[in-house]
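Below is one structure, written out as structure tokens, with a few remarks after it.
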Amino acid sequence: MALKQISSNKCFEGFQKVYEHDSVELKCKMKFGIYLPPKAETGKCPVLYWLSGLTCTEQNFITKAGYHQAAAEHGLIVVAPDTSPRGCNIKGEDDSWDFGTGAGFYVNATEEPWKTNYRMYSYVIDELPKLINANFPADPEKISIFGHSMGGHGALICALKNPRKYKSVSAFSPICNPMLCPWGKKAFSGYLGTDQSKWEAYDATRLVKSYPDSQLDILIDQGKDDQFLKDGQLLPDNFIAACAERKIPVVFRLQEGYDHNYYFIATFINDHIRHHAKYLNA
């Protein structure tokens, strides 16, 4: 599969690059950011996948999060894909900010007209890793995943649906129980249809109840002054209760004064990089 390099910038002795490729799963051109640490010049490195939130492209995380120095120090490749297919000419795909373009929700859609292109789940867990492993000095046995908001939801479900695939998982302000929040109900209705039993396969709070073991160390940071927390979009308490019931370790940190944006992410990103490096470099 051909990769086209869009940009390359030296950063902390490594390189932040952006590539474009034709996606088989999504049937459109897709971009992803990839940071190659200095260590990648001499050997294979673990890979940390970042999933962004609503309205984001591959650019948000790589330009705003300030993760490069920590990734360089710990020798981690960091991959940040886009959040949805782009330019598929589907009627209604650009009608709202929380559904369609920029809002793939990391599911495989089953409903028309979305099911042909909106297959972000398979793209993230299958197509993208194969692409990374084939074209970069990546260690395919050492991968972890994290994300923000809709992407925090994506990271949690990818880890929970694929036991032992990821060494670790973390999230900033994740949508923890999408079946019960307005964003999730809108997205799941559109992509998956009205049968709510099909929604359970993409809801972290439901998935954790059937997770087969406790070998998953979850870190979640949540801003206490997050408007979306107050609006009932994120529902972390439901997820924490489900984890406690299953005795799955989760560190949940409610951060005083922080909201939902990238200033919050940049403040605590080094903690998350260290969390993953602990497992990826073990």
Side-chain angles (χ1 to χ4, degrees), residues 6-7 9 11-12 14-19 21 30-37 40 45-84 102-106 120-121 123-129 131-133 136 138-140 142-160 162 165-175 204 218-222 260-280:
I6 303 297
S7 64
N9 299 95
C11 186
F12 292 99
F15 286 89
Q16 176 62 61
K17 298 173 181 278
V18 174
Y19 287 89
H21 71 103
M30 289 293 285
K31 290 178 183 174
F32 64 86
I34 182 168
Y35 179 67
L36 299 168
C45 297
V47 186
L48 181 52
Y49 288 89
W50 169 269
L51 304 182
S52 288
L54 289 163
T55 76
C56 290
T57 69
E58 83 290 340
Q59 286 293 318
N60 294 70
F61 182 68
I62 67 175
T63 57
K64 295 179 180 179
Y67 69 91
H68 297 94
Q69 186 170 9
E73 288 173 358
H74 291 286
L76 304 182
I77 293 172
V78 182
V79 177
D82 203 344
T83 55
S84 78
F105 258 85
Y106 304 102
M120 284 300 294
Y121 175 72
Y123 179 74
V124 166
I125 68 150
D126 188 33
E127 182 178 3
L128 184 59
L131 195 64
I132 299 303
N133 294 341
F136 302 97
D139 184 343
K142 291 186 174 182
I143 65 171
S144 289
I145 193 164
F146 65 155
H148 171 234
S149 195
M150 175 185 73
H153 141 76
L156 291 173
I157 64 166
C158 286
L160 292 167
N162 299 276
K165 180 180 179 73
Y166 300 96
K167 298 289 184 186
S168 52
V169 61
S170 73
F172 292 86
S173 327
I175 302 171
I218 304 168
L219 170 63
I220 295 174
D221 271 313
Q222 172 64 59
H260 197 75
N261 62 31
Y262 266 84
Y263 296 112
F264 165 56
I265 294 170
T267 302
F268 299 103
I269 192 69
N270 287 357
D271 290 355
H272 286 247
I273 298 286
R274 279 194 294 269
H275 169 78
H276 295 292
K278 184 170 63 179
Y279 296 96
L280 290 171

If I take atom [atom1] from residue [X] and atom [atom2] from residue [Y], how far apart are they, to the nearest 0.5 angstrom?
X: His276; Y: Ser168; atom1: NE2; atom2: OG; result: 4.5 Å
X: Ile77; Y: Leu36; atom1: CD1; atom2: CG; result: 5.5 Å
X: Phe264; Y: Gln222; atom1: CZ; atom2: CD; result: 6.0 Å
X: Ser149; Y: Ile265; atom1: OG; atom2: CD1; result: 8.5 Å
X: Tyr279; Y: Lys142; atom1: OH; atom2: NZ; result: 14.0 Å
X: Ser52; Y: Lys64; atom1: OG; atom2: NZ; result: 9.5 Å

Any donor-acceptor pair under 3.5 Å linking the side chain of [X] with the backbone of [Y]?
X: His74; Y: Arg274; result: no
X: Ser173; Y: His260; result: no
X: Lys165; Y: Ile125; result: yes

> What do the steps show when you test Thr63 against Tyr262 for side-chain contact (heavy atoms from CB on, under 4.5 Å), and what is the final call?
Replying inline: CA-CA 10 Å; Thr63 57; Tyr262 266 84; over 6 Å; no

Please tell me if the side chains of [X] and [Y] come closer than 4.5 Å, counting only heavy atoms from C-beta onward.
X: Phe172; Y: Ile269; result: yes
X: Ile143; Y: Ile132; result: no
X: Phe136; Y: Leu131; result: no

>> I'd like to know whether Phe15 forms a side-chain contact (heavy atoms from CB on, under 4.5 Å) with Ile34, so could you lay out the CA-CA distance, the side-chain angles of the two residues, the decisive distance to 0.1 Å, and finally the verdict.
In response: CA-CA 8 Å; Phe15 286 89; Ile34 182 168; over 6 Å; no

Determine the minimum heavy-atom distance between [X] and [Y], stating which atoms define it.
X: Cys45; Y: Pro37; answer: SG-CG, 4.1 Å
X: Ala71; Y: Ile273; answer: N-CG2, 4.1 Å
X: Ile157; Y: Tyr106; answer: CD1-O, 3.5 Å
X: Leu156; Y: Pro174; answer: CD1-CB, 3.9 Å
X: His153; Y: Ile175; answer: CB-O, 3.2 Å
X: Leu48; Y: Ile145; answer: CD1-N, 3.9 Å

> Parallel, tilted or perpendicular: which fits the ring planes of His68 and Tyr35, with parallel below 30° and perpendicular above 60°?
Replying inline: perpendicular

Aromatic centroids of [Y] and [X] separated by under 6.0 Å:
X: Phe146; Y: His275; result: no
X: His272; Y: Tyr67; result: no
X: Tyr123; Y: His21; result: yes

> Going through the checks in order, is the side-chain contact (heavy atoms from CB on, under 4.5 Å) test met by Thr267 and Asp221?
Replying inline: CA-CA 11 Å; Thr267 302; Asp221 271 313; over 6 Å; no

> Between the side chains of Glu58 and Tyr19, does any donor sit under 3.5 Å from an acceptor?
Replying inline: no

